[in-house]
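Let me begin by presenting the structure, written as structure tokens, before commenting on it.
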2 protein chains.
Amino acid sequence: MTTIRDVAERAGVGIGTVSRVLNGSQGVSNRTRERVERAIAALGYRPSPAARALSRGRASTIAVTAPFLTRPSVVERIRGVVAGLDASEYDLSLATVETPEQRQRRIVGLCQRDRADGAILISIPPTPDELETLRTVGVPVVVVDAVTEGLPCITIDNILGGRMATEHLLELGHTRIAFLGDAPDARFAFTSSDDRRAGYLAALADAGVDADPDLVVSGEHSREAAAELAGRLLDRPAPPTAIFTASDTQALGVLEAARARDLEVPGQLSVVGFDDIEIASFVGLTTVRQPLYETGRRAAELLLAVLEGTGPRTGARIDIPLTLVPRLTTGRPRTRATRRRPAH
Amino acid sequence: MTTIRDVAERAGVGIGTVSRVLNGSQGVSNRTRERVERAIAALGYRPSPAARALSRGRASTIAVTAPFLTRPSVVERIRGVVAGLDASEYDLSLATVETPEQRQRRIVGLCQRDRADGAILISIPPTPDELETLRTVGVPVVVVDAVTEGLPCITIDNILGGRMATEHLLELGHTRIAFLGDAPDARFAFTSSDDRRAGYLAALADAGVDADPDLVVSGEHSREAAAELAGRLLDRPAPPTAIFTASDTQALGVLEAARARDLEVPGQLSVVGFDDIEIASFVGLTTVRQPLYETGRRAAELLLAVLEGTGPRTGARIDIPLTLVPRLTTGRPRTRATRRRPAH
DNA sequence: TTGAAAGCGGTACCAG
DNA sequence: CTGGTACCGCTTTCAA
């Protein structure tokens, strides 16, 4: 392995000079610089990241922590982060958190100085304890898809999103509108589902529609669980004419449930999702679009700014706008003549 | 920031001893060990990864290089890698390659010793040049979803997969079977699409069915491009009764094209995909299932074994079995009475 | 069993 | 403008 010393020797200079050339520092004559550059090229020399990290006290790495790569929305955000970091000199270290132990390990891991110079937390707001630790260590952190007091956050107005979806359904004439979201999860303090539900309730209230508590259900964030839940909703004596779900993934589950019961969508059931993941357009799913990729990219850019000294280290909140994307799963309600049996 | 010296001082021992405790080395009395451990806990000390990397000559990091996080199959493989690495002491450094420049940078980046101790290349077989470089540097590499002479590879039999899909269609009675795959891409030497086509052709030949060159098309690997391509196929005077695509993503595009033309699936058109990505079951897509997650996990385990000295550094090829998953998009062919016009 | 000291490969300061 | 040198924080060898 060739080191900076080899280069210095071959170029007939001191290692300090080589280092200067390497870092583009001022104060190297052109002649010398060229000589060094030739030596570097000839030897195919590449500086050791570890040595550099140790010496500079920074790792040139950014840690990205996210839950569940199974969620398209998370992946899309990560894509954005990757893109935002691409032009930079930073490597991206990826960790996923699916269990409390992992959470402990990952978040505390960030606190190791010189493991990462900064972190992007996707959908994982740090607990007060974790926040405290992060703060004392001084690693800059940007939070995506969650709000954490005192940390820059890239987020959306979930309450508004919930309103948008619900108002869309109300405008179409629905009044029996169900909400299907995530069950509270002690491990992660995901709040987006709750906020979307709050928006849903607010929209109903504003419209003077009584919210039927029986129409608000929640479960595991998966297509299967959503299908199950939706099935129960649809099998009620007085089923909803529309279902708003906290995510597109869950909306797909609802569509499955409807299909299993031979229900026409949107004729007999309207469905609104949230996120606008890639498959939503294929399915023709009406949804509340949030620019997922964008949030990741912005987070990366923001963190980079913070690392450069520009940019806020605290509390800035960037709100990304939402759009309702009407597609084929929503329409005017049409009462079902009779209860249907599931198809074959 | 507390260092090993602080710990040593507090415990009243030398730094060598602390290091031994840290690394579980032999030759530390229990009394001393406990004292040191107490000091570590009291100080909340965590060793610096950079210093450790420099000193040990290894980074405790594994580099994962993959193209396009937009492809569900790639993400699923990465999920597997993440899982396979979870219990290990290795961090995962993720890089994506979408352009030739990135490719250069990423793959050469691996050659910086002590940036990564090993690498997993997903769907990106190194060029001979790159292979040579990797080899001289000595970074252990495992290749997933590609075959590279001299490197351990986790792969599937794409030719067989192509056969399986095609034979399924032949058995149903189809003879006008189209193949829709990836256009050759100079940037990456993806071969799976070509291999699947080879299997398709072989199956046709074996069945004594003449392959119609007009029914073999290729384009960009995306739903949109596939929809476009499939549209042209379906608008021919003598359209195919079945289409086998090189991926599920492309199969979705085909389904879109069929839907746009109001074609019944599988009545008027059968569709077989490849991969069995998550959404395939929702769509009811008949497909050739490859255990994507599994390949990632196996790759991680294999690489870990290599790093431990167990495991082959060269040429082992692990072939993961495929399964045909018949769902709702394939059935017996039924000639279309007349050419249909696209529905509004 | 333990402490001291020599690196690991850079960066950056200091004197010249 | 340049060379020499003192660290950066840890691992590991060598004596004691």
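Numbers restart at 1 for each chain; the letters A, B, ... are given by sequence-line order, proteins then strands. None of the values given here were measured: they were computed from a predicted structure.
- As rounded to whole Å, 14 Å separates atom P of C:dG3 from atom CZ of B:Arg5.
- For CZ of B:Arg298, the number of neighbouring non-hydrogen atoms (other residues, nucleotides, ligands) closer than 6.0 Å is 12 at most.
- Taking side-chain N and O atoms only, B:Ser29 has a distance below 4.0 Å to OP1 or OP2 of C:dT2.
- Counting to the nearest Å, the P atom of C:dG9 and the CD1 atom of A:Ile40 are 16 Å from each other.
- Counting to the nearest Å, the C1' atom of D:dT2 and the CD atom of A:Gln26 are 15 Å from each other.
- Side chain of A:Ser19 to backbone of A:Thr17: no donor-acceptor contact under 3.5 angstrom is found.
- When each of B:Val28 and A:Arg46 is assigned the nucleotide of DNA chain C with its nearest heavy atom, B:Val28 is the one assigned upstream, toward the 5' end.
- No more than 12 heavy atoms of other residues, nucleotides or ligands sit less than 6.0 Å from atom CD of B:Glu9.
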For side chain to side chain contact (heavy atoms under 4.5 Å, CB included), just list the numbers for A:Val139 and A:Asp117, CA-CA rounded to whole Å, side-chain angles, deciding distance to a tenth of an Å, and then say yes or no. CA-CA 6 Å; A:Val139 205; A:Asp117 305 319; over 6 Å; no
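- Between the CZ atom in B:Phe188 and the OG atom in B:Ser123 there is a gap of 10.0 Å [rounded to 0.5 Å].
- Between the CZ atom of A:Arg33 and the C1' atom of D:dC1 there is a distance of 11 Å, rounded to whole Å.
- Proximity note for B:Leu54 (side chain, C-beta onward) versus D:dC8, C:dC8, C:dG10: the nearest is C:dC8.
- For the 3.5 Å distance criterion, the side chains of B:Thr295 and B:Arg77 qualify, holding a donor opposite an acceptor.
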Using a 4.0 Å cut-off on protein heavy atoms (strictly under), produce a 5'-to-3' string for nucleotides 11-16 of chain D with B for base contact, S for backbone-only sugar-phosphate contact, and - for none. BBB---
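- To the nearest angstrom, C1' of D:dG3 lies 15 Å from CD of A:Glu9.
- Rounding to whole angstrom units, CZ of residue B:Arg58 and P of D:dG9 are separated by 21 Å.
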